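Keep in mind that what you see is a predicted model, and the values were worked out from it rather than measured. Basis for what follows: all heavy atoms, side chains included, without hydrogens, waters or symmetry-related copies.
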Amino acid sequence: MNKKQAEEIVKILIEMYPEVDVTLNFSSPFELLICLILAAQCTDKRVNEVTANIFDKYNKPQHFANMDTEKIEEMIHSCGFYRNKAKNIKKASQQLLDNFNGIVPDNMEDLQTLAGIGRKSANCILADAFKAPVGVAIDTHAKRICNRLGISDKTEPTKIEQDLINLVDKKYWQKLNLILVTHGRQTCDSRNPKCEECKLNKVCKYYINMNK
């Protein structure tokens, strides 16, 4: 696939989902960081329900760094994997205080030094909190859709991201993951994709091969 074809696909996706926006509720980069740690193998809806009862009172690194891990576990229990997530929340908060003056860094390298924050989450923080994307977050939806459309034939998220970076203009990066996630949830389901309804079926490698 060449750059022109890839950008045509992105433009169609934007037309399909013009109102797409972040589904996690946050009011600061730190709150988004907490949300992303909680969101691992958990729905955004559940994360929002949990953080609605937390952020009014606890919304700064020092709050969690000074908190007993058991108390964090109790507050986030319903998000699943709560022990590991509580440990990461406490450690990341302490790292922010020790290494970054309590401020969430605005660059990929430093973000990835924080407990519980990998490249995907770092990409989300840069795009959604700082509006300064340096790449595109690749989750299961983005991976599936890029493979099906033929944008990338890679399986590793970092390689899929690199293909997107090479093919799609930077002006689209900020909302591209959100658009791909929405497309994955509403149209390009993993088991039952709504191919007949999809405006991309004429250029979709998956649909074309399925109908040969």
Side-chain angles (χ1 to χ4, degrees), residues 1-26 32 35-49 79-80 108 118-212:
M1 180 173 292
N2 60 42
K3 196 164 185 174
K4 183 178 179 181
Q5 291 170 320
E7 293 205 350
E8 280 303 312
I9 286 173
V10 171
K11 288 175 183 176
I12 293 171
L13 283 168
I14 291 170
E15 289 174 6
M16 290 174 70
Y17 312 105
E19 303 300 324
V20 69
D21 204 355
V22 185
T23 51
L24 291 169
N25 297 333
F26 66 95
L32 178 57
C35 288
L36 290 166
I37 292 175
L38 294 177
Q41 295 180 282
C42 180
T43 65
D44 290 356
K45 180 181 178 182
R46 174 57 59 85
V47 172
N48 289 335
E49 290 171 354
C79 283
M108 177 64 72
R119 185 173 180 88
K120 184 188 81 171
S121 293
N123 265 319
C124 290
I125 292 169
L126 292 172
D128 300 333
F130 292 109
K131 311 299 182 187
V134 298
V136 181
I138 303 297
D139 53 18
T140 54
H141 292 294
K143 176 183 175 182
R144 177 175 72 255
I145 291 160
C146 286
N147 287 166
R148 283 181 173 176
L149 288 170
I151 292 174
S152 176
D153 60 1
K154 311 296 194 308
T155 57
E156 294 178 32
T158 53
K159 292 182 178 179
I160 295 172
E161 180 186 2
Q162 193 57 53
D163 284 342
L164 277 175
I165 288 172
N166 291 335
L167 289 170
V168 179
D169 193 278
K170 190 172 183 177
K171 66 184 178 182
Y172 299 116
W173 294 358
Q174 184 181 331
K175 289 203 170 184
L176 188 51
N177 172 263
L178 299 175
I179 291 169
L180 292 172
V181 168
T182 304
H183 186 58
R185 288 173 176 166
Q186 296 188 15
T187 306
C188 195
D189 182 78
S190 59
R191 295 184 180 181
N192 299 298
K194 301 173 184 175
C195 296
E196 297 298 332
E197 303 172 20
C198 183
K199 294 180 180 179
L200 289 168
N201 58 25
K202 289 183 173 61
V203 294
C204 177
K205 182 180 176 182
Y206 173 83
Y207 182 75
I208 292 168
N209 289 339
M210 190 171 58
N211 287 278
K212 278 184 177 178

Side-chain donor-acceptor contacts of residues 35-45 below 3.5 Å, not counting sequence neighbours, with atom names and distances?
unit_1, atom_1, unit_2, atom_2, d
Thr43, OG1, Arg46, N, 3.1
Asp44, OD2, Thr23, OG1, 2.5

Inset, instruction - May I ask you to decide if Val168's main-chain N or O and Trp173's side chain share a donor-acceptor pair within less than 3.5 Å? - result: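 Yes, because the side chain of Trp173 sits within donor-acceptor range (under 3.5 Å) of the backbone of Val168.
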Legend entry - Asn147 side chain to Ser152 backbone, donor-acceptor under 3.5 Å: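 Such a contact is found between Asn147 side chain and Ser152 backbone.
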How many angstroms lie between atom [atom1] of [X] and atom [atom2] of [Y], to the nearest 0.5 angstrom?
{"X": "Ile151", "Y": "Asp153", "atom1": "CD1", "atom2": "CG", "result": "12.0 Å"}
{"X": "Ser190", "Y": "Lys143", "atom1": "OG", "atom2": "NZ", "result": "12.5 Å"}
{"X": "Asp163", "Y": "Lys154", "atom1": "CG", "atom2": "NZ", "result": "4.0 Å"}
{"X": "Cys195", "Y": "Arg148", "atom1": "SG", "atom2": "CZ", "result": "7.0 Å"}
{"X": "Glu19", "Y": "Thr182", "atom1": "CD", "atom2": "OG1", "result": "11.5 Å"}
{"X": "Leu200", "Y": "Tyr207", "atom1": "CG", "atom2": "OH", "result": "12.0 Å"}

Can you name the nearest heavy-atom pair linking [X] to [Y], along with the distance?
{"X": "Tyr17", "Y": "Thr187", "answer": "OH-OG1, 2.8 Å"}
{"X": "Leu32", "Y": "Ile125", "answer": "CD2-CA, 3.8 Å"}
{"X": "Val47", "Y": "Leu24", "answer": "CG1-CD2, 3.8 Å"}
{"X": "Asn48", "Y": "Asn25", "answer": "OD1-N, 2.8 Å"}
{"X": "Ile145", "Y": "His183", "answer": "CD1-CD2, 3.8 Å"}

Inset, instruction - Answer yes or no: are there more than 12 heavy-atom neighbours, outside Lys120 itself, under 6.0 Å from its atom NZ? - result: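 12 or below, so no.
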Inset, instruction - Inspect the surroundings of NZ in Lys202 and state if more than 12 heavy atoms from other residues, nucleotides or ligands are less than 6.0 Å away. - result: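 Not more than 12 within 6.0 Å, no.
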Inset, instruction - Flag the pair Lys194 and Glu197 as a salt bridge only when some basic side-chain nitrogen lies within less than 4.0 angstrom of an acidic carboxylate oxygen. - result: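 Judged by the 4.0 Å cut-off on N to carboxylate O distance, Lys194 and Glu197 do not form a salt bridge.
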Inset, instruction - Check step by step if side chain to side chain contact (heavy atoms under 4.5 Å, CB included) holds for His141 and Leu180. - result: CA-CA 6 Å; His141 292 294; Leu180 292 172; 5.6 Å; no
Taking C-beta and beyond as the side chain, do [X] and [Y] meet within less than 4.5 Å on heavy atoms?
{"X": "Asn177", "Y": "Ile138", "value": "no"}
{"X": "Met210", "Y": "Cys204", "value": "no"}
{"X": "Cys188", "Y": "Tyr206", "value": "no"}
{"X": "Arg185", "Y": "Val181", "value": "yes"}

Legend entry - Steps toward side chain to side chain contact (heavy atoms under 4.5 Å, CB included) verdict (Leu164, Glu161): CA-CA 5 Å; Leu164 277 175; Glu161 180 186 2; 5.6 Å; no
Acceptor/donor pairs from residues 3-16 side chains to any protein atom, 3.5 angstrom cut, sequence neighbours excluded:
unit_1, atom_1, unit_2, atom_2, d
Gln5, OE1, Asn2, N, 3.0
Glu7, OE2, Asp169, N, 2.7

Legend entry - By salt bridge (charged side-chain N to carboxylate O under 4.0 Å, His left out) - contacts of Lys199 (at least two apart):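 Partners of Lys199 under the salt bridge (charged side-chain N to carboxylate O under 4.0 Å, His left out) test: none.
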Legend entry - Test side-chain contact (heavy atoms from CB on, under 4.5 Å) applied to Leu126 and Met108, Gln174, Lys131, the passing residue: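 Only one option passes, and that is Met108.
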